[in-house]
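These notes are about the structure you will find just below.
Every value quoted in this text rests on a predicted model; they were computed, and no experiment measured them. Below, chain A is the first sequence line, B the second, and so on; all start at residue 1.
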Amino acid sequence: MRGDRRCRTAGRAGSAGVRAAQQLTSSRGLAWVAFLLAAAALLADPPGAAPDGLRAAVPAAGSPALAVDAIALARWIRDAKPGLRVLDIRAAAAFEAYHVPTARHVPRNRLDAALPEPGETVVLYTDDGATAAAAVAGLRARGYDQTFWLEDGLAGWADRILEPTLRADATGAERAEFREIADLARWFGGVPRTDAGAPANAEAPASASARVKAIRRGC
Amino acid sequence: MPFYENGVFGDGAALALALLIGFVFGWFLERGGLGSARKLAGQFYLTDMTVLKVMFSAIVTAMLGSFWLARLGLLDLARVFVPATYVLPQIAGGLIFGVGFVVGGLCPGTSCVAAATGRKDGFAVMAGMCAGILLFGLAFPWLETFYASTPLGAATLPALFGVSRGTVVFCITVLALAAFFGASRLERRFGASGA
C-alpha cells in the first residue's frame, strides 16, 4: 500500500514535470523565456551604459581603410617603410612554398603574440583575403588601427605584382602607370605582360612565372 | 571565439563541419516544410507566416545566445567578424532578392533544399540563381562604383543608435514577439478564408 502511494506520488510529480516541460517548450512558454532573457539583458546592460566591444568595430570617420592593395604593399616593402611587418597567416606548408618577400609566418591562433607595437604597421594576408579581413576586423575592434589586410590576398599579389598585365586597349595614362608597376613587379622578380600574353620584358626571370603558377595551383 | 578564424579548426575540419551543418540545416528546413514553394508563397498571401516565424526565431535565438554567452565570458564579441554595410547597394540587393523570392517562391537556401528533394521548381530557381551570379560577375566592372557606394563600415545597431547592446536586444525581442502575435492573427484571419 505504502509502495503504491509512493508510486502514485512519484507518477503525479513526473506528470507535473512533463506538463511543465511541455508548457516551457510550447510557443507561449518559449516566448516568455525569450522575453525574460531580453528583460534581463536590459537590466544587465541598461540604456545609459556605453556600448562596448562592437562599437569599436565601426571604423571612425577618417580612420585608415581596412585593406591595402598589392601595389601599395609592394611600394611599402620596396621603400622599406619604417615599422612595417607583413604576416602570412596561412598554413606553414603554404608559407614555405611561397610568401610575400619580408613576410613572417604566424599561425592564425598565435596572432596575439604578434600584435603591433605603437608606430608599427602590420599587414596580414592569406590566399584570398577573407580570413585576413576577419582577423583585421577583430584587431581593429581591439584598437589596433594600423592593421591592414592584403586585398585579394596572395592571389591579388600574384596578379598585380608577379604577373601584372597591360590591356591591349590601355590609354596613354594607363600605359604610363603600367610602366611604374612593371618596374615594381621586376623588383620583386615578377613578369609584366601585355594582354596578348607576351612578357613585356623578354629578360624577365622565368622563376617568378613558375612561382605564380605554383600559387595559382593552390587557388 | 570563432574557432575557424582563430585557427582552432584547420581548413579540412572547417569544411567537414560546414558540410555537416549545411546538411542539418537543410534537413530541418525540409522537415519544417520550407522546401515547398507553396508554403513559402503563403507568406506573401498572409495565409502562412512560417517564414517570418522561422527567421525571427533564428534572429532572437542567436542574439540572446550571443549576448548571454558574451556576458558569461564565453564569447568575445569584439572578435566576431561583422560584415561591412553599404546602404544603397544592399537596399538594391534586398529588393532584387525580394522580387526573385516572390517570382520563384523560393530563396537561395530553400531552393537547394527543394532541388535536393527532387522538386523541379527548386532546380529552376537554382539555375536562375547561378545565372544571376554569372551576370553579376560579368557586369561587375560597370557596377563596382555603385557596389562600394554609401559605406558605413562594420555597422552595428548599438553603435549606430548610440545605445547599449542590452537595449537593442530587448527592443528586437519585443518586436519579434509582437511580430509572432501579429502573424498568428493574420494566419487565423486569412488562412481560414484561404483554405
*For the pair B:Trp68 (side chain) and A:Ala41 (backbone), establish whether a donor and an acceptor sit closer than 3.5 Å, ignoring hydrogens and angles.*
no

*Would the number of heavy atoms belonging to other residues, nucleotides or ligands and lying under 6.0 Å from CZ of B:Phe25 be above 12?*
no

_Rounded at 0.5 Å granularity, tell me how far CZ in A:Arg28 sits from CZ in B:Phe181._
9.0 Å

Quiz: residues 96-120 of chain B side-chain donor-acceptor pairs under 3.5 angstrom, not counting sequence neighbours:
unit_1, atom_1, unit_2, atom_2, d
B:Thr110, OG1, B:Cys107, N, 2.9
B:Thr110, OG1, B:Cys107, O, 3.1
B:Ser111, OG, B:Cys107, O, 3.4
B:Ser111, OG, B:Pro108, O, 2.7
B:Thr117, OG1, B:Val113, O, 3.2
B:Thr117, OG1, B:Ala114, O, 2.9
B:Thr117, OG1, B:Arg119, NH1, 3.2
B:Arg119, NH1, B:Gly35, O, 3.0

_Looking at B:Arg185, I'd like to know if its CZ atom is crowded, meaning that more than 12 non-hydrogen atoms belonging to other residues, nucleotides or ligands lie closer than 6.0 Å._
no

_Does any backbone or side-chain atom of A:Ala91 lie under 4.5 Å from a heavy atom of chain B? Answer side chain, backbone, both or neither._
neither

*Is the CZ atom of B:Phe136 crowded by more than 12 outside heavy atoms at less than 6.0 Å?*
yes

*Check whether more than 12 heavy atoms from other residues, nucleotides or ligands sit under 6.0 Å from atom CD of A:Glu177, and answer yes or no.*
no

*More than 12 heavy atoms of other groups within 6.0 Å of B:Tyr147 OH*: no

*Looking at CZ of A:Phe35 and OG1 of B:Thr173, how far apart are the two atoms once the value is rounded to the nearest 0.5 Å?*
9.0 Å

*Tell me, for B:Val60 versus chain A, whether the close heavy atoms (under 4.5 Å) come from the side chain, the backbone, both or neither.*
side chain

*Smallest separation among heavy atoms of B:Ser164 and A:Asp45, with atom names*: OG-O, 2.7 Å

_If I compare all heavy atoms of B:Leu177 with all of A:Ala31, which pair ends up nearest, and what's the gap?_
CD2-CB, 3.7 Å

*Taking the side chain as C-beta and beyond, is there a heavy-atom pair between A:Leu42 and B:Thr167 under 4.5 Å?*
yes

*Working to the nearest 0.5 Å, report the span between CG of A:Leu37 and CZ of B:Phe170.*
12.0 Å

*Below 4.5 Å from any heavy atom of chain A, which atoms of B:Val174 appear? Answer side chain, backbone, both or neither.*
side chain

*Are there more than 12 heavy atoms of other residues, nucleotides or ligands under 6.0 Å from atom CZ of B:Phe23?*
no

